[in-house]
Amino acid sequence: MGHKVVVFDISVVRALWETRVKKHKAWQKKEAERLERSALEKIKEEWNFVAECRRKGVPQAQYCKNGFIDTSTRLLEKIEKNSVTRQSAWVKDRGKQSNPFVFELSGAQWKELPDSLKEQTHLKEWHIHSTLIQIIPTYIELFQAMRILDLPKNKITGLPAEIGRLKNLKELNVSFNHLKSIPPELGDCENLERLDCSGNLDLMELPFELSNLKQVTFVDISANKFSSVPVCVLRMCRLQWLDISSNNLSDLPQDIDRLEELQSFLLYKNKLTYLPQAMLNLKKLTLLVVSGDHLVELPTALCDASTPLKFISLMDNPIDKTHCQDSDDMVESEQDRQHFDKEFMKAYIEDLKEREAVPSYTTKVSFSLQL
C-alpha cells in the first residue's frame with residue numbers, strides 16, 4: 001500500500017489568505033481612523049513637538065501662547081533658524097571668552113575626581129553631573145575662590161566638613177545624589193545664595209547651623225523625607241523661593257510668616273490637611289502650590305481672585321496609582337520619577353508666569369505607550 005498524499009486546491013488556500021488580509025487591512029483602517037479622532041494622538045503630536053523644540057533650544061514662549069501649542073512645521077523652521085543663529089553667536093562669544101576658571105566633568109566612566117584637579121585651586125566653578133563619583137575630597141578647602149558647586153545626579157554620599165571654609169561660595173547644588181545629611185559647617189558659607197538638596201530621597205533634616213545663611217534666596221529640599229519645615233529655613237530672612245514638595249509634611253509651623261520675603265512656595269505631594277492663617281501674612285507671596293486631595297481647611301483669602309497670589313491646588317490623577325503589567329523592562333528609579341515630576345512642574349510654572357490668571361483647573365495625565 002502506497003503513501004497517502006492529501007492534495008489541496010491552491011485556489012482554496014489563496015482565498016483563505018486573501019480573506020485574512022482584507023480583514024487585517026480593514027482593522028488597520030479602523031484603528032487609524034480611531035487614532036485620528038483620539039485626543040491621545042494630538043497629545044502625542046504636541047509632546048513630540050515640544051520635545052523637538054527643547055532639543056533644539058527653542059524658547060517655550062515662541063511656540064506656547066496661553067497654554068496652546070502651535071505645532072506648525074513652518075513655525076518650527078522659522079524659530080529654529082532664529083534660535084540656531086542666536087546659539088551660534090553665543091557659542092562664538094563663549095569661545096572667545098574661554099573660561100579657565102570653570103571645571104566640567106560628566107559621564108559614568110568617572111568614579112573619582114582626577115588627581116590633577118587638586119592643583120587647580122584657582123577654579124571658581126565646578127560643574128560635575130551624571131557620574132559615579134561618591135566622595136568629594138577634603139582638599140576642596142583649597143579652592144578659596146569657589147563660587148559655584150554644581151554637583152547634580154552623581155552618587156555622592158556625603159559632603160566634607162571642609163566645605164564650610166569656602167567663604168565665597170554662592171551656589172550649592174547637590175540634587176539627586178545619595179545624601180543622608182548635610183554638614184553643619186555649611187552654615188559658615190555666609191555668602192551662600194542658592195541651596196538645592198532635592199531628590200536625595202533619604203534626607204530628613206538640615207542642621208540648625210544653617211540659620212547663619214542670611215543671604216540665601218532659594219532653597220529646594222523637595223523629594224526627601226522631611227516631616228516639618230527645618231527651623232534653619234525659617235531663619236533665612238531673605239528667602240524668596242522654597243520648594244519642600246514630595247516630603248512627609250503633615251502641617252506647617254505657625255510662625256511660617258517669618259519668611260517675609262517669600263514669593264514662591266511649593267508644597268504639593270505632602271500630607272497637609274490645613275494651611276495656617278499665618279499664610280495670609282506673607283504679603284509678597286505670589287505662587288503657592290499644594291496638593292488638594294487632603295486639604296480640608298485653608299484661609300479663604302488665599303483663593304481670592306483679587307489678590308496677586310496664584311494658588312494652585314493639584315489633584316492626584318488616579319492613573320498614577322495604576323501599574324502596567326507588562327512594564328518590567330521600563331521600570332524607572334524613584335529618582336528618575338522625581339526628576340521628571342520636577343521638570344513637569346518647572347515647565348508648568350514657567351507657563352503660568354506668562355498668564356494673567358491661573359486656569360480654573362488643571363489635570364495632569366501620566367501615560368506610557370508601547371509601540
Side-chain angles (χ1 to χ4, degrees), residues 90 93-107 109-200 203 205-221 230-233 235-243 261:
W90 177 80
D93 291 342
R94 189 180 180 190
K96 286 180 181 178
Q97 296 173 359
S98 114
N99 199 336
F101 299 102
V102 176
F103 173 73
E104 297 180 344
L105 190 71
S106 65
Q109 72 272 24
W110 294 101
K111 296 184 179 180
E112 57 184 23
L113 294 173
D115 294 335
S116 59
L117 183 61
K118 187 176 181 180
E119 310 302 325
Q120 303 178 51
T121 56
H122 64 281
L123 292 172
K124 295 182 179 180
E125 299 181 16
W126 283 9
H127 297 275
I128 303 170
H129 66 88
S130 305
T131 73
L132 299 181
I133 293 173
Q134 299 183 26
I135 298 174
I136 299 300
T138 57
Y139 64 68
I140 195 172
E141 64 179 321
L142 302 175
F143 294 77
Q144 288 300 303
M146 187 75 74
R147 295 170 59 87
I148 297 176
L149 269 178
D150 185 35
L151 313 171
K153 302 185 75 173
N154 297 292
K155 304 295 182 182
I156 301 171
T157 56
L159 297 174
E162 286 76 8
I163 196 172
R165 297 180 184 174
L166 303 179
K167 302 301 182 182
N168 292 305
L169 189 64
K170 290 186 176 294
E171 298 183 20
L172 175 61
N173 180 1
V174 286
S175 62
F176 296 95
N177 280 283
H178 298 291
L179 296 175
K180 293 187 178 181
S181 65
I182 300 294
E185 289 80 5
L186 183 63
D188 295 332
C189 298
E190 54 193 25
N191 289 306
L192 194 68
E193 297 176 358
R194 294 176 63 92
L195 176 61
D196 189 345
C197 302
S198 61
N200 282 281
L203 199 58
E205 59 182 13
L206 294 180
F208 180 78
E209 287 78 1
L210 269 58
S211 301
N212 299 327
L213 303 177
K214 302 302 183 184
Q215 304 299 320
V216 172
T217 60
F218 176 100
V219 170
D220 189 344
I221 51 175
V231 173
C232 62
V233 170
R235 301 193 175 208
M236 296 176 180
C237 55
R238 295 192 180 185
L239 193 62
Q240 298 176 10
W241 175 286
L242 176 57
D243 187 349
E261 301 296 319

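We use all heavy atoms of the structure for the numbers below, so side chains are in, but hydrogens, waters and symmetry mates are not.
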S.K.: Looking at CG of L117 and CD1 of I128, how far apart are the two atoms once the value is rounded to the nearest 0.5 Å?
M.R.: 7.0 Å
S.K.: Drop me the distance from E205's CD to S181's OG, to the nearest 0.5 angstrom.
M.R.: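 Nearest 0.5 Å value for the CD-OG distance: 8.5 Å.
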S.K.: Is it true that atom CG of L132 has more than 12 heavy atoms of other residues, nucleotides or ligands lying nearer than 6.0 Å?
M.R.: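 Yes, CG of L132 has more than 12 neighbouring heavy atoms, counting only those of other groups under 6.0 Å.
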S.K.: Between L172 and I163, does a side chain to side chain contact (heavy atoms under 4.5 Å, CB included) hold up when you go through it step by step?
M.R.: CA-CA 10 Å; L172 175 61; I163 196 172; 4.2 Å; yes
S.K.: Kindly indicate whether a cation-pi arrangement holds for K153 with F176, taking the cut-offs as under 6.0 Å to the six-membered ring centre and within 45° of the axis.
M.R.: no
S.K.: Report the C-alpha distance between N191 and L169 in whole Å, list the side-chain angles of each, state the deciding distance to 0.1 Å, and finish with yes or no for side chain to side chain contact (heavy atoms under 4.5 Å, CB included).
M.R.: CA-CA 6 Å; N191 289 306; L169 189 64; over 6 Å; no
S.K.: As an exercise, state the distance from CG of L186 to CG of N212, rounded to the nearest 0.5 Å.
M.R.: 10.5 Å
S.K.: Measuring from K124:NZ to M146:CE, what's the distance to the nearest 0.5 Å?
M.R.: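 Taking NZ in K124 and CE in M146, the distance rounds to 11.5 Å.
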S.K.: Return the set of residues passing side-chain hydrogen bond (donor to acceptor under 3.5 Å, both in side chains) with E190 (not counting sequence neighbours), or none when no residue passes.
M.R.: none
S.K.: Nearest 0.5 Å please: distance from the OG1 atom of T157 over to the CD1 atom of I133.
M.R.: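 Rounded to the nearest 0.5 Å, the OG1-CD1 separation comes out at 12.0 Å.
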S.K.: Please step through side chain to side chain contact (heavy atoms under 4.5 Å, CB included) for the pair V174 and L179, ending with a clear verdict.
M.R.: CA-CA 8 Å; V174 286; L179 296 175; 3.6 Å; yes
S.K.: If you look at every heavy atom in P114 and Y139, which pair is closest and at what distance?
M.R.: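 Result for this residue pair: O-OH, 4.1 Å.
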S.K.: Is it the case that atom CD in E112 sees more than 12 heavy atoms from other parts of the structure closer than 6.0 Å?
M.R.: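 Not more than 12 within 6.0 Å, no.
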S.K.: Mind checking what makes side-chain hydrogen bond (donor to acceptor under 3.5 Å, both in side chains) contact with Q240, not counting sequence neighbours?
M.R.: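 Testing Q240 for side-chain hydrogen bond (donor to acceptor under 3.5 Å, both in side chains), a comparison that skips the adjacent residues, returns none.
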S.K.: Scan for salt bridge (Lys or Arg N to Asp or Glu O under 4.0 Å) pairs involving residues 174-185, sequence neighbours excluded, and state none if there are none.
M.R.: none
S.K.: Is the backbone N or O of S198 less than 3.5 Å from a side-chain atom of D196, with the two atoms forming a donor-acceptor pair by type?
M.R.: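 Yes; at least one donor-acceptor contact below 3.5 Å.
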S.K.: What's the shortest heavy-atom distance between P160 and P137, and which atoms?
M.R.: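 Taking P160 first and P137 second, the nearest heavy atoms are CG-O, 3.9 Å.
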S.K.: For L123 and V102, work out which heavy atoms get closest and say how close.
M.R.: CD2-N, 3.8 Å
S.K.: Tell me the closest heavy-atom pair linking P184 and L210, and the distance in Å.
M.R.: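 Here P184 and L210 meet closest at O-CD1, 4.3 Å.
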S.K.: Between Q120 and H122, is any side-chain donor less than 3.5 angstrom from a side-chain acceptor?
M.R.: no
S.K.: Which atom pair, heavy atoms only, marks the closest approach of L213 to C189?
M.R.: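 Taking L213 first and C189 second, the nearest heavy atoms are CD2-O, 3.1 Å.
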S.K.: Can you see which heavy atom on S106 is nearest to which on W110, and at what distance?
M.R.: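 What the structure gives for the nearest pair is O-CD1, 3.4 Å.
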S.K.: I'd like to check the side-chain hydrogen bond (donor to acceptor under 3.5 Å, both in side chains) partners of Q134; sequence neighbours left out, ordered by chain and number.
M.R.: none
S.K.: Set out, in order, the CA-CA distance, both residues' side-chain angles and the distance that settles side chain to side chain contact (heavy atoms under 4.5 Å, CB included) for D243 and V219, then state yes or no.
M.R.: CA-CA 6 Å; D243 187 349; V219 170; over 6 Å; no
S.K.: For T217, give me all partners under side-chain hydrogen bond (donor to acceptor under 3.5 Å, both in side chains), at least two apart in sequence or on another chain.
M.R.: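 Partners of T217 under the side-chain hydrogen bond (donor to acceptor under 3.5 Å, both in side chains) test: none.
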S.K.: Going by the side-chain hydrogen bond (donor to acceptor under 3.5 Å, both in side chains) test, which pairs reach into residues 159-173, not counting sequence neighbours?
M.R.: E141-R165, D150-N173, K170-E193, N173-S175
S.K.: Output the distance between atom CG (L242) and atom CD1 (I221), rounded to the nearest 0.5 Å.
M.R.: 6.0 Å
S.K.: Should the heavy atoms of other residues, nucleotides or ligands under 6.0 Å from NZ of K214 be counted, would the total exceed 12?
M.R.: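 Yes, the 6.0 Å shell around NZ holds more than 12 heavy atoms from other groups.
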S.K.: Hey, does L195 have a side-chain heavy atom less than 4.5 Å from the side chain of D220?
M.R.: no
S.K.: Only one of L149, L105, L151, I148 forms a side-chain contact (heavy atoms from CB on, under 4.5 Å) with H127, so which one is it?
M.R.: I148
S.K.: Would you please classify the geometry between the F143 ring and the W126 ring as parallel, tilted or perpendicular, with 30° and 60° separating the classes?
M.R.: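 Answer is perpendicular, since the angle exceeds 60°.
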S.K.: I182 versus C197: any side-chain heavy-atom pair under 4.5 Å?
M.R.: yes
